[in-house]
Amino acid sequence: MKITIHGSGYVGLVTGACLADVGHDVVCVDVDQIKIASLKQGNVPIHEPGLEDLIRYNLESGRLRFTSNPEEGVEHGLLQFIAVGTPPDEDGSADLTHVLKVARSIGQHMGDYRVIVNKSTVPVGTADRVHQAIHEVLEDRTETLDFDVCSNPEFLKEGAAIEDFSRGARIVVGSESERVQRLMRECYSPYSRQKDKLIFMDVRSAELTKYAANAMLATKISFINEIANLAESLGADIEQVRHGIGSDPRIGYHFIYPGCGYGGSCFPKDVKALARTAGEVGAPAQLLHAVEEVNEAQKSRLFDKLKQAMHGNLKGRTIALWGLAFKPNTDDMREAPSRTLMEQLWAEGARVQAYDPEASAECHRLYGERPDLCLSRQRDAALEGADALVICTEWKAFRSVDFEYIARTLNHPVIVDGRNLYSPEDVKRAGLDYYAIGRGDSLRPTGR
């Protein structure tokens, strides 16, 4: 099939590369000419495992092309995927400026039937707005052309996006048109050979499904973090509690890992947007507001624990920080707990020595050169001269460490673990004080 992807960000690039890889003829459109020039050379502006190789392979095969010319893109594809950003507005609602701009561009350049596929995460009712925007442009052109708008939300995890696209559990399509359903089934048939993954529903239900899925996962994270804080106060170990409740198949182990809060481009934005939508239609969203409040408070837990470990005095201290990205296998620092911690430390007059396998360049882009931030090129180099170690991201490189070396290197043998990577007994055996999330035993000092 001939397919056009509008937007060459995270979702657009993954979608375009994966569809090209199964044989479709794909053109990706983006207004950023510098980005397009770079992508034509096979250079990918984001870190996603396997994506750069996939893009280069399909560029060389001729099945994937990039352009900054929207007319070329609209002329090319029978299926027109909209995969542009929907950043949160000041009131928490999703900003549809880019989505509607693409819709009007499609209306301006289309010459015959097109299916417009909303891949961006958009509020319920956006398909109607996209349809209206295209209809108005066609009226201005005095053209009568047939087109359909459907919803096809993405369910991609950063760090595992190619796997999720290729082997995901379901493919949701919102459309009651038999023509659209047939075309979308053809588009995704390479991914449904073993079983039919397509779930067809009405457009509004598909739009809500995306938000409901992310809100549910965010709720599980905030729930386990709240229970972790309770376990800490009661002297219980949340890791044992997690195993106890996760063994129940109705609950499961996914997304019940306690930590320092969720971040990224999806959960924070989508929870806010869904709560905003609920408010607009007069439906209470008390649980969604609580999920958000718990998460924001959780991001400050590391600072509070560190201040406790340093006896309330952080001014002039140097803190080693392992992990800047909001999760492993990405360089994304949007809403990352590390940012909350660093900004709180700087406000107290502390200095940060940070290491992340992928996100150092992004951190430098966000904060620039400053005397209270040093970005280390190696994990252990961040420890040198530091007063304590804080872990924000559960990269594999942080899981197996020499605790005795850490104890010797730090000025104050303290680890604040925001991801519960270690056994408290192993850490303490090396003479370190260990502050984790919801692990009552870890809060008992070694006795210095």
Side-chain angles (χ1 to χ4, degrees), residues 2-21 24-77 79-88 94-106 108-109 116-122 154 156-159 161-162 165 264-266 269 324-326 329-336 358-368:
K2 290 189 174 183
I3 295 172
T4 297
I5 313 289
H6 295 272
S8 294
Y10 182 82
V11 174
L13 289 176
V14 172
T15 301
C18 288
L19 290 178
D21 200 50
H24 294 305
D25 182 1
V26 180
V27 169
C28 292
V29 182
D30 200 287
V31 296
D32 188 336
Q33 295 185 15
I34 296 176
K35 179 194 290 187
I36 290 296
S38 182
L39 285 166
K40 285 180 176 180
Q41 301 300 314
N43 299 317
V44 180
I46 59 174
H47 175 76
E48 177 62 36
L51 182 59
E52 187 167 293
D53 289 341
L54 196 66
I55 286 176
R56 289 184 174 182
Y57 173 75
N58 285 284
L59 274 171
E60 292 172 2
S61 74
R63 292 190 299 269
L64 179 64
R65 289 179 286 132
F66 294 96
T67 181
S68 57
N69 184 349
E71 183 175 1
E72 178 185 348
V74 176
E75 181 181 348
H76 172 80
L79 302 183
Q80 299 278 319
F81 281 78
I82 300 179
V84 294
T86 54
D95 184 348
L96 297 179
T97 301
H98 303 302
V99 170
L100 296 176
K101 184 176 181 180
V102 171
R104 286 189 286 268
S105 176
I106 293 171
Q108 182 64 43
H109 298 297
I116 293 83
V117 185
N118 280 340
K119 196 72 174 171
S120 301
T121 300
V122 293
E154 54 88 9
L156 305 177
K157 296 188 299 292
E158 290 192 44
I162 294 172
F165 194 99
S265 62
C266 294
K269 173 175 70 73
L324 293 164
F326 84 95
N329 299 320
T330 181
D331 60 354
D332 195 343
M333 288 183 64
R334 284 174 287 186
E335 303 278 352
E358 295 294 341
S360 291
E362 175 65 5
C363 185
H364 184 268
R365 185 189 71 81
L366 289 168
Y367 295 110

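The salt bridge (charged side-chain N to carboxylate O under 4.0 Å, His left out) check on Arg365 picks up Glu362, with sequence neighbours excluded. Scored by the side chain to side chain donor-acceptor pair (under 3.5 Å) test, Ser8 finds no partners at all (sequence neighbours excluded). Looking at residues two or more places apart in sequence or on another chain, you find no salt bridge (charged side-chain N to carboxylate O under 4.0 Å, His left out) involving Lys2. In terms of the salt bridge (charged side-chain N to carboxylate O under 4.0 Å, His left out) criterion, Glu71 has no residue partners (sequence neighbours excluded). A search for salt bridge (charged side-chain N to carboxylate O under 4.0 Å, His left out) contacts involving Lys35 returns Asp30, not counting sequence neighbours.
With Asn118 contributing its side chain and Ser120 its backbone, the two residues share no donor-acceptor pair below 3.5 Å. Between the side chain of Arg63 and the backbone N or O of Ala20 there is at least one donor-acceptor pair closer than 3.5 Å. Not a single donor-acceptor pair under 3.5 Å links the side chain of Thr86 to the backbone N or O of Ala94. Using modelled atom types, one side-chain atom of Thr67 and one backbone atom of Asn69 make a donor-acceptor pair closer than 3.5 Å.
Proximity of His109 to Gln80: side-chain heavy atoms (C-beta onward) are nowhere separated by under 4.5 Å. Residues Asp332 and Ser265 have side chains in contact (heavy-atom distance under 4.5 Å, counting atoms from C-beta outward).
Environment of OH in Tyr367: crowded, with over 12 heavy atoms of neighbouring residues, nucleotides or ligands closer than 6.0 Å. Other residues, nucleotides and ligands place more than 12 heavy atoms under 6.0 Å from the CD atom of Glu72.
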Taking distance alone, no hydrogens or angles, what donor-acceptor pairs closer than 3.5 Å link side-chain atoms of residues 46-56 to residues at least two apart or in another chain?
{"residue": "His47", "atom": "ND1", "partner": "Glu358", "partner atom": "OE1", "Å": "3.4"}
{"residue": "Glu48", "atom": "OE1", "partner": "Tyr10", "partner atom": "OH", "Å": "3.0"}
{"residue": "Glu48", "atom": "OE1", "partner": "Gly159", "partner atom": "N", "Å": "2.8"}
{"residue": "Glu48", "atom": "OE2", "partner": "Gly159", "partner atom": "N", "Å": "3.2"}
{"residue": "Glu48", "atom": "OE2", "partner": "Ala160", "partner atom": "N", "Å": "3.1"}
{"residue": "Glu48", "atom": "OE2", "partner": "Ala161", "partner atom": "N", "Å": "2.9"}
{"residue": "Glu52", "atom": "OE2", "partner": "Arg56", "partner atom": "NH2", "Å": "3.3"}
{"residue": "Arg56", "atom": "NE", "partner": "Gly42", "partner atom": "O", "Å": "2.8"}
{"residue": "Arg56", "atom": "NH2", "partner": "Asn43", "partner atom": "OD1", "Å": "3.2"}

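When each of Ile82, Val29, Leu64, Val26 is tested with Ile5 by the rule side chain to side chain contact (heavy atoms under 4.5 Å, CB included), just one qualifies, namely Val26.
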